[in-house]
Amino acid sequence: MVVAAVGLAATGCGGGDGGGGGDRLSAAEFREAADAICAEYDQKIQDLGEPESLDDLNAFIERAIPIIEEGFNKLEDLQPPEELEADWNRAMEVNGENLQLTKDLQAAAESGDEGRVQEILAQAAQNEEETDRLARELGLQRCGEEGSGT
């Protein structure tokens, strides 16, 4: 259960809405930029270590949320080429849901509600499968790695 929570905390990758300013990137530039962001923020989450208990989980998530939000915002600022935009938008929508689930997970862990923790982790796992699939369809490598949390 705790290891799955680490994966949830790293779900800030896999897409973006192209809503930021600036020029659209070429497909190659977009893929390179997204994968670089995913790699950077996955590493930051890994550097936090793994919580070993439900008690550790709350503190872990408290440290992880700002990292996830920062990575999410960087991804959101990317301007994908038009042909990738629809999948990118959907991936970012699901990533936004996982960010909220991470916050919900923190509340459940804080209250000691292990049943709710399990429900949240199950939903997050489904979301992660979708974002990984979308990332691979977008041609992303680091963001679509299975088990990368992206």
Side-chain angles (χ1 to χ4, degrees), residues 1-51 57-110 116-150:
M1 173 207 53
V2 176
V3 173
V6 175
L8 172 59
T11 59
C13 296
D17 77 353
D23 296 327
R24 286 190 181 275
L25 299 170
S26 71
E29 292 168 333
F30 165 75
R31 289 177 179 121
E32 183 178 337
D35 278 335
I37 293 167
C38 287
E40 177 184 352
Y41 286 88
D42 280 349
Q43 186 61 54
K44 287 181 179 191
I45 293 296
Q46 288 176 16
D47 289 348
L48 295 177
E50 286 188 23
L57 184 58
N58 187 45
F60 171 84
I61 294 172
E62 188 172 309
R63 292 189 316 268
I65 285 174
I67 296 168
I68 297 166
E69 288 175 333
E70 184 177 321
F72 180 86
N73 290 336
K74 284 188 175 193
L75 286 169
E76 204 168 38
D77 285 343
L78 294 179
Q79 293 290 312
E82 285 184 32
E83 67 270 16
L84 302 179
E85 190 170 27
D87 283 343
W88 184 243
N89 289 346
R90 176 62 187 144
M92 279 310 282
E93 180 182 319
V94 177
N95 280 330
E97 291 170 12
N98 267 359
L99 178 57
Q100 183 57 54
L101 285 172
T102 303
K103 293 175 182 179
D104 295 346
L105 181 64
Q106 181 181 26
E110 194 172 83
R116 180 70 179 131
V117 166
Q118 293 298 330
E119 289 173 23
I120 293 166
L121 292 175
Q123 179 62 51
Q126 289 176 355
N127 286 1
E128 186 173 341
E129 285 179 24
E130 184 174 2
T131 58
D132 285 351
R133 178 188 59 77
L134 288 165
R136 288 188 300 273
E137 287 178 12
L138 287 162
L140 302 175
Q141 293 182 18
R142 178 62 185 174
C143 296
E145 285 181 342
E146 196 166 308
S148 72
T150 58

- side chain to side chain donor-acceptor pair (under 3.5 Å) between Gln123 and Asn127, intermediate numbers included: CA-CA 6 Å; Gln123 179 62 51; Asn127 286 1; 2.9 Å; yes
- Item | Candidate pair Ile45 and Leu48, rule side chain to side chain contact (heavy atoms under 4.5 Å, CB included), full reasoning | CA-CA 5 Å; Ile45 293 296; Leu48 295 177; 4.2 Å; yes
- Task: Show your reasoning for whether side chain to side chain contact (heavy atoms under 4.5 Å, CB included) applies to Asp104 and Arg116.
- Result: CA-CA 9 Å; Asp104 295 346; Arg116 180 70 179 131; 4.1 Å; yes
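Considering every non-hydrogen atom in both Glu128 and Asn98, the closest pair reads N-ND2, 4.0 Å. For the residue pair Leu101 and Ile120, the shortest heavy atom distance occurs at O-CG2, 3.4 Å. Closest approach of Pro81 and Arg24 over heavy atoms only: C-NH1, 3.9 Å. Scanning both residues, Phe72 and Gly96, for their nearest heavy atoms gives CE1-N, 3.5 Å. Between Gln43 and Asp47, the shortest heavy-atom distance links the atoms NE2-OD1, 2.6 Å. Residues Leu78 and Ala33 approach most closely at CD2-CB, 3.8 Å, considering heavy atoms.
For Glu83, the CD atom is densely surrounded, since the number of other residues' heavy atoms within 6.0 Å is greater than 12. Within a 6.0 Å radius of CD in Glu97, other residues, nucleotides and ligands contribute more than 12 heavy atoms.
No side-chain donor from either of Asn58 and Glu62 sits under 3.5 Å from a side-chain acceptor of the other. In summary, the side chains of Asp42 and Gln46 do not present any donor paired with an acceptor at a separation below 3.5 Å, with no hydrogens or angles considered. Side-chain atoms of Asn73 and Glu69 include no donor-acceptor pair closer than 3.5 Å.
We find that Glu129 and Arg133 are not joined by a salt bridge, their nearest charged nitrogen and carboxylate oxygen being 4.0 Å or further apart.
Side chain of Arg31 to main chain of Leu140: no donor-acceptor pair is present (N/O by atom type, distance under 3.5 Å, no hydrogens or angles). Of the possible donor and acceptor atoms, one in the side chain of Asp35 sits under 3.5 Å from a partner among the backbone N and O of Arg142.
Looking only at side-chain heavy atoms (C-beta outward), Tyr41 and Leu75 stay at 4.5 Å or farther from each other. Side-chain contact between Leu57 and Leu105: present, with at least one pair of heavy atoms (C-beta onward) separated by less than 4.5 Å. Two residues are said to be in side-chain contact when any heavy atoms from C-beta on lie closer than 4.5 Å; Glu76 and Asn95 fail this criterion.
Taking CZ from Arg63 and CD1 from Ile61, the interatomic distance works out to 10.5 Å, rounded to the nearest 0.5 Å.
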